[in-house]
Amino acid sequence: MTDGFLSAEWSRRSWFESANEPTCGFPLQSLPYCVFAGMDGRPRIGVGIGLSVLDIKECVHVDLLHDLAAPIRTACEAKNLNPLLACEAGAHAALRARLMDLLDSEALNSTRDIVCKALIPMANATLLKPVASANYTDFYASIHHATRVGQLFRPEQPLLPNYKFVPIGYHGRASSLVVGGTPIRRPCGQTKPIQNGIPGFGPTRFLDYEVEVGIYIASGNPLGEPVSIDRAAGLAFGVSLLNDWSARDMQSWEYQPLGPFLAKSFATSVSPWVVPMAALAPFRCPAAGRAAQDPAPLPYLWDAEDQKTGAIDMTLEAFLLTPAMRAAGLAAHRLSGANLRDLYWTPAQLIAHHTSNGCNLLPGDLLATGTVSGEDDDTAGCLLELTNGGAKPILLLNGERRNGLEDRDEVILRGVCRREGFPDVSLGECRGIVLAFQSV
Ligand code: CA
């Protein structure tokens, strides 16, 4: 996309004034998808615009989308985004263009009057899980996270020799994906420390969060047909925030030889908004530079255009709200801030790698980046890093300390894309409060 085209599209304004505030995060050009509870409690599809949600199902009912293709119109009336994700890219573009036209300041007064009736204040909308993902894969794409975690466990060789060749990942658990705002029950399991060679069993003593971004797959690929790197970005529909809750004491006991299992599968939170890739166009940037001595990606992971524009400039922050802060009316403590552009692998590389063995991705599948950490210590995207493996508690602004999360602690992730001359594009928030364990 040329800069001229970008500027023209991104200078459009909405008649819905709250969308034109440059820092509102939900401008005309973003229109992130969500699923919210209607008056009857049933799920409906919407898009965020300014301080409101536009009810897309209602737009279908009042014939505002009558000339769009039948599959996408039907998909707009579904209970989640899965049928919409499964539509063709052309249909996604047509829907997005139509929604922008309906909300554009050039829209006819008669159109505005109809659209107005389909707007619900965001503050009144109960946001639900947007996608029912059949599969969830978690990568490990931040070299800074991998290095810092590696230093804790293998100081002599923090990065294993495969890291700079293979986008490392594992198959996560799709059934325990929950929408942000869902409370997270402290899990029980086999835990370190080991005494007399026997592990304990009980509630984790080192519950952690991980700041990540989730990528939702639109049309997938048939089994046995890898997706080449130059086509891989086309499979991504949009992104959300993702918190990969982790029980570190369970993880360190169980992860060898086959990787994470119950230390991760008890819950993963996703934010309610799915920001379409089209809304991220101004924030695309070159893939993070590799050190001079690093190997080039193998040919199936290397594409000139992807290297030039495949990364995303997105600020990701984590906050902690403890019960004491809540009681005192204090703001949440900012734990860290990092940028998605610093990942070692681009989204297209993750998708190309995932399918390189012929594995089929399905519409709605969720691929997470892995913890997004930067090079500096205050950019670390989890407590494991921030506390040096639990050895050095962090000091919070109100004087409290934390190694791991305590019951009633709330973790809040926020993500936003910012660029001068463009309105902010927000991913919203992904929240989760920790509940006490439930005994077996
Ligand atoms: Ca993770």
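Numbers here simply count residues along the sequence, with the first being 1. Indexing begins at 1, ligand by ligand and atom by atom, following the structure's order. For the numbers below, each heavy atom of this structure counts, side chains included, while hydrogens, waters and symmetry mates do not.
Contact check for Leu31 versus Ile49: side-chain heavy atoms found under the 4.5 Å cut-off. Within the 4.5 Å cutoff, the side chain of Glu77 has no heavy atoms near those of the Ile56 side chain.
Figure legend: Arg185 and Phe437 shown without cation-pi pairing, the cationic atom not lying both under 6.0 angstrom from the six-membered ring centre and within 45 degrees of its axis.
The angle that Glu212 OE2 and Asp244 OD2 make at the Ca ion (ligand 1), rounded to 10°, works out to 100°.
When only modelled atom types and interatomic distance are considered, Trp245 and Ser269 share a side-chain donor-acceptor pair under 3.5 Å.
Nearest N/O/S atom of Asp138 with respect to the Ca ion (ligand 1) is recorded as OD2. Of all the N, O or S atoms in Glu210, the one closest to the Ca ion (ligand 1) is OE1.
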